[in-house]
Structure formats: structure tokens, C-alpha cells
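Data first, discussion second: the structure below is written as C-alpha cells.
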Amino acid sequence: EGVDLLVHELRGDLSQAERVDVEVRGPDGSLAIRLEHVPFDARAGHVLVACQRHYQHVFGEGTDPTFHVLVTEKGKERKLAQYFVAHVWQ
């Protein structure tokens, strides 16, 4: 209660990444939000994503989004990983 912001740490091999984008998708795979050029720590191998309470209205009650981390390496984009994030919207 009283928490409006959570930070998710999404880990992966970012050692060769030139750029990182994050897509937030609904359970059916539909794109809800695309965040481009997100800050990342290549050495630590993580992206920090803030999940805000108002996203509840984007996805709806009882709906859990997935985060797709896309990296650009040597000028080519590829999906690094997909993360399921269970939410309790209160």
C-alpha cells in the first residue's frame, strides 16, 4: 500500500549491445508500449524498467504484461529475452 512505482531488473547478455529497446506486450502478444533507446548497463547485464500504477489501465484488471528486451548489435536488432511479470493491481 502506498507504492506507486516498482523497478524490475531485466537481466541478459548486453555486452555487445549498442542500443536497447523494451516492448511491453499484453497476454495476446499485442504491443502496448515501446520504449526506445532505454538506458542499460552492459557490464552488469541489466536493464531497469519502472512499472507504474497507471499501467493498470493499459492492461486491465488481472492482466499480466510481458517485457521483451530487444538489442541492437552490429546494426542488427534481435530479441534478447522475454520476461513475464506477474502483477497484483491494487
Side-chain angles (χ1 to χ4, degrees):
E1 202 169 305
V3 175
D4 291 322
L5 179 73
L6 292 173
V7 177
H8 303 290
E9 180 183 35
L10 309 179
R11 297 191 146 276
D13 182 2
L14 301 170
S15 61
Q16 302 299 309
E18 300 159 1
R19 170 183 163 163
V20 175
D21 298 336
V22 175
E23 293 181 343
V24 185
R25 294 183 171 270
D28 63 354
S30 62
L31 179 64
I33 302 163
R34 181 174 171 108
L35 307 168
E36 298 180 332
H37 297 278
V38 299
F40 65 98
D41 187 327
R43 187 171 166 196
H46 68 232
V47 177
L48 301 177
V49 177
C51 189
Q52 301 176 35
R53 186 176 299 250
H54 74 267
Y55 289 166
Q56 174 181 1
H57 305 293
V58 173
F59 299 105
E61 195 71 33
T63 303
D64 294 316
T66 57
F67 293 88
H68 297 243
V69 176
L70 308 167
V71 296
T72 301
E73 300 169 329
K74 298 180 183 173
K76 294 185 179 182
E77 184 181 83
R78 69 177 179 91
K79 181 164 43 166
L80 173 68
Q82 176 177 318
Y83 303 86
F84 173 77
V85 180
H87 282 73
V88 176
W89 302 108
Q90 295 181 8

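Computation of the quantities below employed the complete heavy-atom set of this structure, encompassing side-chain atoms and omitting hydrogens, waters and symmetry-equivalent molecules.
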Subject >> Reference residue L80; test side-chain contact (heavy atoms from CB on, under 4.5 Å); the match among L70, V22, L14 >> reply: L14
Original post:
Which pair of heavy atoms, one from V47 and one from F40, lies closest together, and at what distance?
Top reply: CG2-CB, 3.9 Å
Subject >> Centroid-centroid under 6.0 Å between F67 and H8 rings >> reply: yes
Original post:
Does R25 use its side chain to pair, donor to acceptor, with the backbone of I33 at less than 3.5 Å?
Top reply: no
**OP:** Please collect all side-chain hydrogen bond (donor to acceptor under 3.5 Å, both in side chains) contacts where either partner lies in residues 41-51, sequence neighbours excluded, each pair once.
**Re:** E9-H46
**OP:** Supply the members, apart from V7, of the Ile/Leu/Val/Met/Phe/Trp/Tyr cluster built from side-chain contacts under 4.5 Å; use none for a lone residue.
**Re:** L48
Subject >> Counterpart residues, side chain to side chain contact (heavy atoms under 4.5 Å, CB included), relative to E36 (two or more places apart) >> reply: R19, D21, R34
Original post:
So, do Y83 and V69 sit near enough that their side-chain heavy atoms are less than 4.5 Å apart?
Top reply: yes
Original post:
Side chains of Q82 and K79: closer than 4.5 Å at any heavy-atom pair?
Top reply: yes
